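In this text the structure is predicted, and so the values were computed from the model without any measurement. This chain uses plain numbering: 1 for the first residue, then up along the sequence. In each ligand, atom 1 is the first atom listed, and ligand 1 is the first ligand listed.
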Amino acid sequence: ALSSTVYAGDNSNETQAIMFLEEYNERAQTVYPESIEISWTYNTDITEANQQAMIDSSLEVAQFAKDMQVQAQQFNRTGFSYDTNRQLEKLLYIGDAAMEDPDQLEELNTLQAQMETRYSTGEVCLNNSPDQCLELEPGLTRIMATSRNYDELFWAWDGWREAVGAPAREDYRRYVELKNIAAQANDQPDCGAYWRSWYETPDLQAQVEQLYNQLKPLYQQLHAYVRRKLYNVYGEDFINLRGPIPAHILGNMWAQSWTNLLDLVEPYPGKPTVDITPSLVSKGYTPLQMFQVSDEFFTSLGLIEMPQEFWDKSMIEKPDDGRSVVCHASAWDFYNQIDFRIKQCTDITMDDFITVHHEMGHVEYYLQYKEQPVVYRDGANPGFHEAVGDVLALSVSTPQHLYAVDLLDTVVEDDEADINYLMSMALDKIAFLPFGYLMDLWRWGVFDGSTPSSKYNEDWWKLRLEYQGIIPPMERNEGDFDPAAKYHIPASVPYIRYFISFVIQFQFHKSLCAAAGQEGPLYKCDIYQSEEAGTLLADMLKFGSSRPWPEAMEAITGQREMSAVPLVEYFQPLIDWLEEQNKNEYIGWDGAPEWRPAAPGVWTGAGVATSYSFTVLFVLLLGSF
Ligand SMILES: C[C@H](N[C@H](C(=O)O)[C@@H]1CCCN1C(=O)[C@@H](N)CC(=O)O)C(=O)N1CCC[C@H]1C(=O)O
Ligand SMILES: [Zn+2]
């Protein structure tokens with residue numbers, strides 16, 4: 001609906017409107033590619049000059065978007081066709097580019113670039129010695145994934161927040177003010193409302209809250225079971241069996257995925273592992289081979305292969321020439337129907353193998369809708385874009401598939417092995433749900449003013465306790481700014497899309513499995529080489545954002561709603577198993593409100609040095625007898 005800021009002109013000539021849209025589509029495919037290439041240069045070589053070039057270029061693109069908006073506003077759209085109307089509307093709401101004051105837009109772009117640079121170059125140094133510094137990828141990520149030392153984990157967790165969290169607070173406070181000014185220039189009350197408007201779903205918040213409440217019992221069961229297992233490892237000083245879990249011992253810097261705890265929590269340890277990390281390493285897999293295996297899965301469905309330019313220009317490994325890069329993995333559409341890339345500091349792990357599929361899912365979507373007008377080269381909604389790669393990964397991850405493509409040497413098919421597999425999937429998909437939900441619960445509160453900057457960290461940890469059932473290993477205060485330790489906050493990338501994706505990907509999986517003629521339990525389905533499944537998916541992807549997302553949902557699932565039912569169906573055997581396992585556990589974490597974990601010890605890396613020197617000393621002593 002049009003209102004004060006964005007008004008209608010009086011030109012009712014639809015032929016002129018269509019000619020304008022065609023001219024826009026032509027010019028956009030020069031303006032955007034040039035700017036995205038400059039952004040790519042910064043992302044793959046962080047320097048002051050490249051950062052400034054990106055800021056300058058984004059100001060030029062904003063001017064182009066503004067010029068186009070003024071032209072789009074001349075039309076009176078009331079009598080126009082659905083498609084002309086929809087295309088024009090996409091040109092009226094242009095995000096930050098709508099800001100009236102160019103100085104404020106430059107300030108905002110500079111803040112966003114500075115926050116991204118701080119995060120991407122952040123590091124934690126041992127004993128403050130500059131030659132023992134670790135960046136997030138791969139150093140700190142590997143520690144969070146593999147260490148079982150409570151103090152070492154705290155060192156990495158706290159050091160990262162000290163390096164990139166607290167220092168971002170003031171930038172973030174000003175960023176929020178400017179983002180809200182931009183939102184109001186797009187006729188929205190605040191930035192959270194503007195981000196939600198992309199879903200064209202008036203009751204979006206109510207819908208995601210309902211989905212979360214339907215899934216909360218699954219999460220509480222998993223939380224209780226994992227808490228018990230962590231209690232067996234870390235003991236009663238650090239784990240209270242009726243309370244929240246310390247945030248730094250869940251195998252991930254943000255506790256958003258618990259897959260790295262599989263060796264601690266596996267229900268039936270005797271079975272062959274479903275984690276292919278050892279296989280990838282022992283078989284000498286390279287990042288390129290990981291990408292090729294993923295591409296082969298996509299093409300086995302009849303989907304479009306990655307083009308030559310993708311292989312020529314992507315960055316799939318962290319450079320070793322001293323360059324600073326934005327390691328956080330991402331997929332890139334250059335909006336010229338030719339250039340599509342992934343930038344990933346790929347580590348040889350199952351986590352990164354899954355991420356490769358996630359990113360390639362984005363590129364597949366780009367390829368499928370590249371014939372659409374530029375204004376429609378987007379997901380049906382942002383959650384759809386996040387779901388594509390993950391849907392395929394649900395098939396790839398099955399032990400049967402991994403065995404078939406020689407990524408697992410042995411596979412056992414019995415009830416216990418199935419429970420092990422479902423546990424490994426739950427550690428990713430169920431553990432994620434509260435995090436995927438709370439990230440934007442916090443940000444929506446920040447943008448609408450209910451969370452003032454004086455309560456940024458307090459409200460963050462309130463949500464982390466209420467939804468994730470985790471607690472900081474040490475008392476936090478407003479001198480900290482922990483949300484900025486997660487990429488999407490300083491990088492200004494909305495997050496509810498991932499929560500939505502984790503729900504709808506199981507709806508898509510169920511429909512694609514039916515199309516592939518797979519009859520067994522949903523968690524065993526593998527759509528590999530099914531052209532029927534591929535066609536069903538591709539036909540929806542080709543829509544881009546040309547139709548409202550319920551139509552895209554209907555194209556795949558035959559109905560128009562988001563639903564948690566397929567996710568619950570997929571995990572049902574594990575839910576039953578967990579309820580049995582947990583029958584004497586305290587479910588939830590409100591049973592010890594006064595409890596706090598004991599303080600972590602100081603980690604100087606001495607743990608390694610001491611044990612090493614002790615061994616040497618011991619051998620010397622032996623030798624002297
Ligand atoms: C690893 C992944 N990186 C994002 C993604 O791929 O979504 C990157 C960075 C932000 C947006 N982005 C893109 O690539 C977009 N250009 C894609 C598009 O919209 O076209 C990521 O952040 N993930 C994956 C699981 C949960 C979440 C996390 O790791 O918390
Ligand atoms: Zn994504």
Classify the ring geometry of [X] against [Y]: parallel below 30°, tilted from 30° to 60°, perpendicular beyond 60°.
X      : Y      : value
His385 : Tyr365 : tilted
Phe481 : Tyr172 : tilted
Tyr175 : Phe447 : tilted

Residue and atom names of protein N/O/S atoms that fall under 2.8 Å from the Zn ion (ligand 2):
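Sorted hits: His358 NE2, His362 NE2, Glu386 OE1.
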How long is the straight-line distance from CG of Leu567 back to CD of Gln505, given to the nearest 0.5 Å?
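Answer rounded to 0.5 Å: 8.0 Å.
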Rounded to the nearest 0.5 Å, what separation is found between the OH atom of Tyr437 and the CD1 atom of Ile496?
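Reported to 0.5 Å precision, the distance equals 6.5 Å.
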For ligand 1, would you mind listing the residues that have at least one heavy atom less than 4.0 Å away, ordered by chain and number?
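Ligand 1 is contacted, at a heavy-atom distance under 4.0 Å, by Gln256, His328, Ala329, Ser330, Ala331, His358, Glu359, His362, Tyr366, His385, Glu386, Lys486, Tyr487, His488, Val493, Tyr495, Tyr498.
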Can any side-chain N or O of Thr141 pair as donor or acceptor with the backbone N or O of Gly139 at less than 3.5 Å?
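Side chain of Thr141 to backbone of Gly139: no pair is present.
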Going by the rule disulfide (SG to SG under 2.5 Å), which residues pair with Cys191 if we only count those two or more places apart in sequence or in a different chain?
none
Within-4.5 Å side-chain heavy-atom neighbours: Pro434 and Tyr219:
yes
Apply side-chain contact (heavy atoms from CB on, under 4.5 Å) to Gln114 and list each qualifying residue two or more places apart in sequence or on a separate chain.
Gln51, Thr110, Leu111, Asp171
